[in-house]
Every structure is written in structure tokens, then in C-alpha cells.
Number of protein chains: 2
Amino acid sequence: MTVKVILVDDHSVVRSGLRRLLESHKSLEIAAEADTGELAYQIYGEVLPDVVLMDISMPGMGGLEAAKRILQRYPQARIVIFSMHEAVSFAAQALKAGVKGYVTKTGLAEDLVQAVLDVSRGKTFLSQDVAQKIALQTLIGETNPLQQLTSREFEVFRLLAEGKRVEDVAEMLKISQKTVANYYTLIKQKLSVSSPVEMVRLAMKHGLIDAE
Amino acid sequence: MTVKVILVDDHSVVRSGLRRLLESHKSLEIAAEADTGELAYQIYGEVLPDVVLMDISMPGMGGLEAAKRILQRYPQARIVIFSMHEAVSFAAQALKAGVKGYVTKTGLAEDLVQAVLDVSRGKTFLSQDVAQKIALQTLIGETNPLQQLTSREFEVFRLLAEGKRVEDVAEMLKISQKTVANYYTLIKQKLSVSSPVEMVRLAMKHGLIDAE
DNA sequence: CATGAATAGGGAAAAATTCCCGATGGTTTT
DNA sequence: AAAACCATCGGGAATTTTTCCCTATTCATG
């Protein structure tokens, strides 16, 4: 009984590497590849895989957006996101979206295989490093205010914290500047920061951005 | 031939410690202490010390401000600033103001004595850690854009980067919001950043603020 | 003493932010 | 299934911030 997997990443080199890695395990079969979220969504219906393994950051519709689309049409879909972000918030957003696995690229290669296997059996998989951070945060009783943000708010927040102007964000997200401005105000309220400066520092504290 | 020193720090405990440290060296004599920049300025005229050893961060007139006042009236004054900031920019500002020595608190205790002795003999003293950073920056050819800022601009920049609002800065510096706003625009130009976000990241990169 | 740099701020226009509100489309609850 | 909710999206208008341009004062320096 093999597990059918769809591989989604915009870099073909990465896809090859992943394919090799996963196929080294006999019960895994790469049924299809896709280089965009849009394509992944299309072929999902044709292939009906057991698991989708998808990069979080891709041009156009990102991994999370694509995951949400798929889950909307196929609520039972099992999706594993892999990501370069070790930040807790990204994992939180992904799981909130209904994704079943979150693996960081800095983790072990075996983790990826394990994640796909676990998820194919209905389990949930979370990378060791992220799990540890969350566990520690929880134990200390520290709350992550970023988790109050909705998916869209988080997206806007991240872009603004990266230094994008309201105008740019509006364009990237294809929504009006007005909407972004309104989100901005709302986000600042939710995070109880009063200036862009505090916002950046918060983002930095939670590992969303670096000082370079 | 002893060296007369004025000790300036707002914490009396720190003053005691410094006094003990410096007096362990027989050629140093603490002629007076002051807990504010204002007071330091006043007693400078009465005591006419060989060296002023002054903390950079004090309520009211900070160490740099006080140093500038003293140097204005007594251009031959020899002042050593000690500071918790290892950031290059602080040292740069201090030396630009005419201070003869800059010692970080993280350095060795002996450095402080050495600094006072060196400066008393007309030499200039710069803490090892800061000197090293500057040297490395210079060798790499990296320029520190913060050095383009004037003293006042730097002050405004630092406060804004810390998260203070324009209004707060105006109040703290006892100048109008209008002036701060104008400085703000000017600073962004000089540093060629276009948003508060970039400003914070620059400040963090240069160690003026931490991510907490 | 002229010159230039640093500091301080006014006035007016432009841009960003806030606040309030309405609309739509999913989900969840009852 | 209807009702209630929430996320998303944006318009309008008031307010605040930011920008740009100019002027004045002080001080150090050639």
C-alpha cells in the first residue's frame, strides 16, 4: 500500500531533491509535481493524492493560500507545509489553516519523510525545533500576540514589518490601499503597539525578520 | 604629582565603587563628585580638575551634553566618558564632541584607570571593544551612516528608534514637535531610509537598540 | 567680520492614519 | 434552515503626520 504524494515547489532543483529523498522510502510514491500553488490546486482533483508536500513561499499564491484553497474544496486533504521559517507564528498560521504537518527546512531530512508518513496516516507532524519553541513559550506562560491575528492580518503585518509600504502591500495582495491602511490600524490595536517602530521590534522579537 | 579627578554619575553606589577603584592607584585623587551634569559643570570651575570621569546616561543633561558645556567654557578640559553602549556611534558622537576618552562598562576595570591616566597626560583613550569594531569596519570599508548625523540629529534618531513618538521626543528635548518632525525628515534623508521600519532595522544593525 | 554649520521652528500642502460604517461570503450555532 | 458571527474588503470624512520651503539665531572658524 503506497502513499501517493504531490510535490509542490517553485524550484525544480528542490523538487528533484525531494523526490529522490522521498522515493528512497519504498512506501512513498510521487504521483505528480507542481511549481505553483495554482497548479497544485488543479492537479489535486485529478490525482487525488494522499498527501500534498508544499513549500510555503512561492511566487503568486503562496503555500498557505494554496493549502486553504485545496482544503476548501477537499476538506479531508492532508497537507504538509515545509518552510524556511522557524518562527512559531508561521507554524501557527499554517496549522490554523488546517494543514496537518509543518516541517522546517533546517530540520533533518528524515523529518520530512516522517512528516509525510505521519500525515498520511492521519497524524499531525510538527518540526522538533518549532515544537520546542512553542512548548517553552507555553511553559513560561508567554503568549504569542501574533496568534491573535487572522490569516490576512498576519500577511499584512509581515509585509509591513519587512519594510514594504502600504502601497506596495496593497499591490502585492491586490487589495486597495484603503483596506491595507485599515488592517494596519487594526493590527496595531490587536498587538497593542502604537508605532511602526514597536511593530518592527515585535516582529523581530518573534523571528519574522532579522536586523540583517 | 597627583591627578585631580571629578567623578560624575547619578548613582551614588557607582560613584563609591569608582572612587575606590581609582583611589587604589596612588597618583589619582578624587577631588569631587557630582550626581548631575549640571553640578559637574558648576564644580568644574571651582575644582579645576585634571580629568572629568562622567557617565554618559544621566537624567536631565546627559553626559555628552554636560561634556559639551564644559568644553565650551574650558576648551582644554579633559573628559573621559564611560558608557554602557558598545555601539560605535556613541563613541563617535562622544569623540566628535571633544571628549578625550571613551570607556565601555563592559571593559576591564583597569581600562578605566588607564583611560584616566592616559587622558590626564593628554593622550586619547578608546575602549578595546569599540576600537576593534571601528577598526574592522574601516578595514572592510564599511561606512557607518550614523556618523553623518549631527549630535542633535543622533539624539533624535536614537529616541525615535527606541519607539518614542515625535511628541515624546519633543517633550524630552524641550523643543517643539515641529522641530522634531523636521529633524525626522532630515534624518531619513541622510540615512536614506524611507520608512520607520528601515530606520529601526538600521538602528538595530548598529547596536543602538536590541530586539529585547 | 564673513561664512558655514547646527539648532530651532513657522506655514501650507500632501500623505498617512483613524474612526465609522456598510457589504459580501463563509462557518458555526441553535 | 435561519440566525449569528467572523474575515475580508473598502468608502467617506476628520485628524494627524510628514514633507517642503523658508527664516532666525547662535557659535566656531578661517
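Predicted, not measured: the structure shown is a model, and the values here were computed from it. Sequence lines set the chain letters: A, B, ... in the order given, protein chains first and strands last, and positions in each chain run from 1.
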Sugar-phosphate or base contact per nucleotide [nucleotides 6-18 of chain D; S, B, -; heavy atom under 4.0 Å]:
-SBSBBBB----S
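Residue B:Arg73 contributes atom CZ, which lies 10 Å from atom P of D:dA28 at whole-angstrom precision. Rounded to an integer number of Å, the gap from CZ of A:Arg69 to C1' of C:dG26 is 14 Å. If you measure from atom CD of B:Glu155 to atom P of C:dA6, you get 15 Å, rounded to the nearest angstrom.
With hydrogens and angles ignored, the 3.5 Å screen pairs a side-chain donor or acceptor of B:Arg78 with a backbone N or O of B:Ser120. Although no hydrogens or angles enter the test, the distance criterion places a donor-acceptor pair under 3.5 Å between the side chain of B:Thr185 and the main chain of B:Ala181.
Screening residues 68-87 of chain A for ring-ring contact (aromatic ring centres under 6.0 Å, His included) gives A:Tyr44-A:Tyr74, A:His85-A:Phe90 as the qualifying pairs, with residues at least two apart or on separate chains.
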B:Arg15 and B:Asp10: salt bridge (charged side-chain N to carboxylate O under 4.0 Å, His left out), yes or no, with the steps?
CA-CA 8 Å; B:Arg15 285 201 306 275; B:Asp10 52 323; over 6 Å; no
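Considering every non-hydrogen atom in both B:Lys68 and B:Ala97, the closest pair reads CG-CB, 3.8 Å.
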